[in-house]
Visitor: 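This is the structure I have questions about; it appears just below.
Each chain gets a letter, A, B and so on, in the order its sequence line appears, and its residues count up from 1. In what follows, every heavy atom counts, from backbone to side chain, and hydrogens, waters and symmetry copies are set aside.
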There are 2 protein chains.
Amino acid sequence: MTLSEEDYIKAIYHLGKGENNIVSTNEVAEQMKTKPSSVTDMVKKLSDKGVANYRKYKGVCLTEYGQKVALTLVRKHRLWEVFLVEKLNFAWDEVHEVAEQLEHIKSEKLTDSLDELLGFPQVDPHGDPIPSKNGEFKKAVKKLLNEVPVGTSGTCVGVKDSSAPFLKFLDKNRIALGDTILVLEKEEFDGSLHIQVKEKDIRISDQIAANLYLKITE
Amino acid sequence: MTLSEEDYIKAIYHLGKGENNIVSTNEVAEQMKTKPSSVTDMVKKLSDKGVANYRKYKGVCLTEYGQKVALTLVRKHRLWEVFLVEKLNFAWDEVHEVAEQLEHIKSEKLTDSLDELLGFPQVDPHGDPIPSKNGEFKKAVKKLLNEVPVGTSGTCVGVKDSSAPFLKFLDKNRIALGDTILVLEKEEFDGSLHIQVKEKDIRISDQIAANLYLKITE
DNA sequence: ACAAATATTTAGTTTTGTCTAAATTTTAAT
DNA sequence: ATTAAAATTTAGACAAAACTAAATATTTGT
Ligand SMILES: [Mn+2]
Ligand SMILES: [Mn+2]
Ligand SMILES: [Mn+2]
Ligand SMILES: [Mn+2]
């Protein structure tokens, strides 16, 4: 599998939300920042290789094998992210680009040794689960902060958007994974929230809340 | 710089023995396992990019800038080799292939953090020196075991050939970097040596001796 | 049901890196 | 100094991955 093919496989996997839903040519094009015509060419090739099922005008999804490949890539990507944060002191908003390169390194021994070095982590720095060697992983029970009723309390376990600007915002506002968050009040007008995090009360917009995952504890 | 360009730059660097000697098209082709015609195309491109100086039929060498690039690649390659051996318990004959991939990862921060994590190592698992961030490195004073007079004693500090078969041979015969070696006798007929390593006397062929570096101590 | 809008594919190029076969230059041998 | 051998370059082709422009299919709004 070439680097480019691998990135397409990951894109199809993520757009299908890990459930292997059919995704459209345009969706893939947007995700990959290429043109739809390039996507058509590539999904044909992936189809020929037995990695994807593609039907003209209907969209594409991964085969059983394709999903296996996707999970291996996701595993590698997230393990490298953990490595960068835990061993090389990268900030959580700095790891994505580099992991995007490292995920393509071909060596099963490398991946497994890395896993061991890191102590078999279950989640990456953004709270996303890391598939095990045989492709299993439990999808956490978590809810977006903006979909939870006032009074709910829980632990912040992940981010939906893991772009640098959003992660930097969280750093600046002292919100980190593992923090306990209590929803104090929700503003009718704009959906903004008043929440309590680590003793402090802060206000966050609906947009922020829509990108923070909570594991509800009570 | 693309992955392929980088590998050519490294090849030219190594064939020039780090001294930036002119190397021939055929030498590069052999090293890169490509055809001479492919090399011609590539060195033209490297020349256009200001990385190499190429003169038709005369050969190619790196520019000042090209050497800088080569040293960065060598630095990354060797740091990754140390990482694989020290942190992930790879054997010294297993690291090359993977380092060949890892050396192309683009992130200065990654390289420097890795260097720090490893404690700023001076040599890689094969005894080859690791250039510092600004491209400096001391070339060790070392001699090939087959070029040294009988009676010489020294520390084994490196290997010339770092192919898996040779390294495995050394493992099997309990010869490792850091060992003290004493040359007891040299056979006129075939150049084979009788040496003492860690209390034990062994015989090695001229071919083996020609690939082991010694730092002479007396 | 039909036209307009949108999505997707096809056809034809481009760039990168490779190859083979043929032409040319350099080197080595007489 | 020629000629044969070896090294190198050129010409032409191909596969991968991208693009643009044009053609076609699907969806949507009335
Ligand atoms: Mn990637
Ligand atoms: Mn992540
Ligand atoms: Mn390489
Ligand atoms: Mn090495």
Side-chain angles (χ1 to χ4, degrees), chain A residues 1-17 21-62 66 69-70 73 97 100-101 103-106, chain B residues 1-17 21-62 66 69-70 73 97 100-101 103-106:
Chain A
M1 225 58 75
T2 68
L3 188 148
S4 196
E5 287 168 351
E6 289 186 341
D7 279 337
Y8 273 97
I9 290 169
K10 268 205 328 170
I12 295 167
Y13 174 83
H14 283 127
L15 289 169
K17 305 208 291 174
N21 300 304
I22 289 177
V23 295
S24 75
T25 300
N26 274 11
E27 285 176 287
V28 177
E30 188 182 9
Q31 172 91 4
M32 292 292 296
K33 289 171 183 164
T34 56
K35 302 294 167 181
S37 53
S38 307
V39 174
T40 302
D41 285 346
M42 183 55 94
V43 296
K44 275 180 186 167
K45 187 167 32 145
L46 293 178
S47 232
D48 290 345
K49 284 199 168 192
V51 179
N53 290 318
Y54 162 67
R55 278 175 40 237
K56 255 192 189 183
Y57 294 104
K58 298 304 177 188
V60 67
C61 65
L62 297 176
V69 175
L73 288 165
E97 268 187 54
E100 201 58 48
Q101 299 176 60
E103 71 192 355
H104 303 287
I105 303 293
K106 278 154 191 66
Chain B
M1 225 58 74
T2 68
L3 187 147
S4 197
E5 287 169 350
E6 289 186 342
D7 280 337
Y8 273 98
I9 290 169
K10 267 203 331 169
I12 296 168
Y13 175 83
H14 283 128
L15 289 169
K17 305 207 292 172
N21 300 305
I22 288 177
V23 294
S24 74
T25 301
N26 274 9
E27 285 176 287
V28 177
E30 189 182 8
Q31 172 92 2
M32 292 292 297
K33 289 170 183 164
T34 56
K35 302 294 166 180
S37 53
S38 306
V39 174
T40 302
D41 286 346
M42 183 55 93
V43 297
K44 276 181 187 166
K45 186 166 37 143
L46 293 179
S47 232
D48 290 346
K49 284 200 167 190
V51 179
N53 290 318
Y54 163 67
R55 277 177 39 238
K56 255 192 190 183
Y57 295 102
K58 298 304 178 188
V60 67
C61 64
L62 297 177
V69 174
L73 288 165
E97 268 188 54
E100 202 57 48
Q101 300 176 58
E103 70 192 356
H104 303 287
I105 303 292
K106 279 153 189 69

Visitor: To the nearest Å, give me how far apart CD (A:E6) and P (D:dA16) are.
Guide: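 In whole Å, D:dA16 P lies 16 Å from A:E6 CD.
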Visitor: Suppose the criterion is side chain to side chain donor-acceptor pair (under 3.5 Å): which pairs have a residue in residues 48-61 of chain B, not counting sequence neighbours?
Guide: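 Every pair satisfying side chain to side chain donor-acceptor pair (under 3.5 Å) with a residue in residues 48-61 of chain B: B:E5-B:K49.
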Visitor: What are the atom names and distances for every N/O pair under 3.5 Å that joins the protein to nucleotides 10-12 of chain C?
Guide:
from: C:dT10; atom 1: OP1; to: A:K56; atom 2: NZ; distance (Å): 2.5
from: C:dT10; atom 1: OP2; to: A:K44; atom 2: NZ; distance (Å): 2.4

Visitor: Side-chain contact test, heavy atoms from C-beta onward, threshold under 4.5 Å: evaluate it for B:V60 versus B:L46 and give yes or no.
Guide: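 SC-SC contact between B:V60 and B:L46 ruled out.
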Visitor: Rounding to a whole Å, what distance do you find between B:K58:NZ and D:dT9:P?
Guide: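 Checked: the NZ to P distance equals 11 Å.
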Visitor: Could you state the interatomic distance from CD1 (B:I12) to CG (B:D7), rounded to the nearest 0.5 Å?
Guide: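 Going from the CD1 atom of B:I12 to the CG atom of B:D7 covers 11.0 Å.
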Visitor: Can you check the B:E30 CD to D:dA6 P distance for me, whole Å?
Guide: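 Atom-to-atom, B:E30 to D:dA6, this comes out as 16 Å.
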Visitor: Between side-chain atoms of residues 25-39 of chain A and protein atoms elsewhere (two or more places apart, or another chain), which donor-acceptor pairs fall under 3.5 Å?
Guide:
from: A:E27; atom 1: OE1; to: A:S24; atom 2: N; distance (Å): 2.8
from: A:E27; atom 1: OE1; to: A:S24; atom 2: OG; distance (Å): 3.2

Visitor: So how far is it from B:E100 CD to B:L73 CG, rounded to the nearest 0.5 Å?
Guide: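 One finds 9.5 Å between CD of B:E100 and CG of B:L73.
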Visitor: Strictly below 4.0 Å: does B:Y8 bring a side-chain N or O up to OP1 or OP2 of C:dT16?
Guide: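 Indeed not, no polar side-chain atom of B:Y8 lies that close.
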Visitor: Expressed as a whole number of angstroms, how long is the span from A:R55:CZ to C:dT9:P?
Guide: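 About 12 Å, once rounded to whole Å.
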Visitor: Let's see if you can work this out: which of D:dA7, D:dA18, D:dC19 has an atom nearest to the side-chain heavy atoms of A:S4?
Guide: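 So the nucleotide nearest the side chain must be D:dA18.
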Visitor: Look at B:T25 and D:dT9 and indicate whether a side-chain polar atom (N or O) is within less than 4.0 Å of OP1 or OP2.
Guide: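 Affirmative; the distance criterion is met.
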Visitor: Can you measure B:N26 atom CG to D:dA5 atom P for me and round it to whole angstrom units?
Guide: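 In whole Å, D:dA5 P lies 18 Å from B:N26 CG.
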Visitor: If you pin B:V43 and A:T34 to their nearest nucleotides in DNA chain D, which one's is more 5'?
Guide: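 It is B:V43, whose closest nucleotide lies nearer the 5' terminus.
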Visitor: Output the rounded distance in Å from CE (B:M42) to P (C:dC19).
Guide: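 The answer, rounded to whole Å, is 11 Å.
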Visitor: Do B:L62 and B:V69 touch side chain to side chain, with heavy atoms closer than 4.5 Å?
Guide: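 Side-chain contact under 4.5 Å: no.
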Visitor: Below 4.0 angstrom, N of the basic side chain to O of the carboxylate: do B:E103 and B:K10 qualify?
Guide: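 Yes.
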Visitor: From CD of B:E27 over to C1' of D:dA6, roughly how many Å is that when rounded to an integer?
Guide: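 It works out to 14 Å between those atoms.
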Visitor: Tell me the interatomic distance from B:M1, atom CE, to C:dT16, atom P, rounded to whole angstroms.
Guide: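 After rounding, the gap between these two atoms is 13 Å.
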